[in-house]
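Every number for a ligand or one of its atoms is a count from 1 in the order of the listing. The first residue of the sequence shown is numbered 1, and numbering continues consecutively from there.
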Amino acid sequence: MAAWTSKIIFLPSVTSTNDYLKEKARCGAEEGTVVWAAEQTVGRGRQNRHWESRPGLGLYCSILLRPQEPFSRLPFYTLFPALAVVEAMEACCNLAVQIKWPNDLVIKKSKMGGILTEASLQGNNLHYVIIGLGLNVYHQESDFSPSLAPHSTSLAREGGRIADLDSLLQEILQVWPHYYQQHHLLPSLVDLIEKWENHCNHMNRRVEVKEGNTIRCGLFAGLNSDGFGRLLIDGTEVTLAQGELSLREVKDVAGC
Ligand code: ATP
């Protein structure tokens, strides 16, 4: 397999790094193309939810992959980027970042980042995958909108050793091949799943999962071999897709 290389396109401002890179991907951009912006004016989370991307305060970037794998492997493309960020932040900032299913990066239960994976299909295969990262780096409390501030944090707020944004991105791109190239055609993701579970902040905890109007409570029991979440409800296992659900940890209370 060819060595991983990346080509970084830096933009002072963009609507959304994922949207910009999607256009590039449609025009044939190569695997490893990275779009990095100082700000996003219409940053997105899942379900088109707004991602606050204040100028110069965070790392907002998207990475293009062309993995030639079946569509069924899509969960992998949210799992491994989370691990790459965890490892990079530990190396770069000496901070322990944890993962909240399916795509949140948290420190002590406050959200410091998110991953937005979007894919284009060709038949049953992945044609390209775009992985967006939005990480809060220099934010202080007043930099978040009032509704987000109580649940959000940044590397600076957690007292991390903060390198500049360029070094953070370089660190992520340096650990990236280890996770991507070493796993992406492997039949089994056991090692990766075990590592993910070790960094999950609600492993074996009681959680509430909201999907549309349905709320289910149970024990988060990690991931199955396909990379889907496992929720145990009174001993019965329910599979959690990554798509539209939102999870929060709950205290042990009656009915949950
Ligand atoms: P949750 O799991 O917390 O319900 P989610 O995983 O569904 O959230 P995403 O869709 O990935 O979240 O991200 C969008 C949400 O994240 C927004 O609705 C907002 O609540 C929150 N958010 C937006 N910008 C930021 C930010 N810079 N830092 C922390 N949280 C943010």
For a quick test of your reading: what N or O donor-acceptor pairs under 3.5 Å do the side chains of residues 51-60 make, sequence neighbours left out?
unit_1	atom_1	unit_2	atom_2	d
E52	OE1	S145	N	3.2
E52	OE2	S145	N	3.4
E52	OE2	S145	OG	2.4
S53	OG	Q40	NE2	3.0
S53	OG	W51	O	2.9
R54	NH1	D143	O	2.9
Y60	OH	R54	N	3.0
Y60	OH	R54	O	2.8
Y60	OH	G58	N	3.2

With a cut-off of 3.5 Å and sequence neighbours excluded, list every side-chain donor-acceptor pair involving residues 110-117.
unit_1	atom_1	unit_2	atom_2	d
K111	NZ	D104	OD1	3.4
T117	OG1	Y77	O	2.9
T117	OG1	T78	OG1	3.1

Identify all side-chain donor-acceptor contacts of residues 82-93 below 3.5 Å with residues at least two apart in sequence or on another chain.
unit_1	atom_1	unit_2	atom_2	d
E87	OE1	Y179	OH	2.5

For ligand 1, give me the residues whose heavy-atom distance to it is below 4.0 Å, by chain and number please. G45, R46, R49, H50, W51, E52, K100, N103, D104, K111, N136, F144, L148, S152, S246
Do the ring planes of H139 and F144 sit parallel (below 30°), tilted (30 to 60°) or perpendicular (above 60°)? parallel
Could you walk me through whether Y20 and T15 satisfy the side chain to side chain contact (heavy atoms under 4.5 Å, CB included) test, starting with their C-alpha distance in whole Å, then the side-chain angles of each, then the deciding distance to 0.1 Å, before giving a yes or no? CA-CA 8 Å; Y20 185 93; T15 49; 5.8 Å; no
Step through it carefully: locate the ring centre of F80, locate the ring centre of W176, and say whether they are under 6.0 Å apart.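 Aromatic pair counts; centres sit under 6.0 Å.
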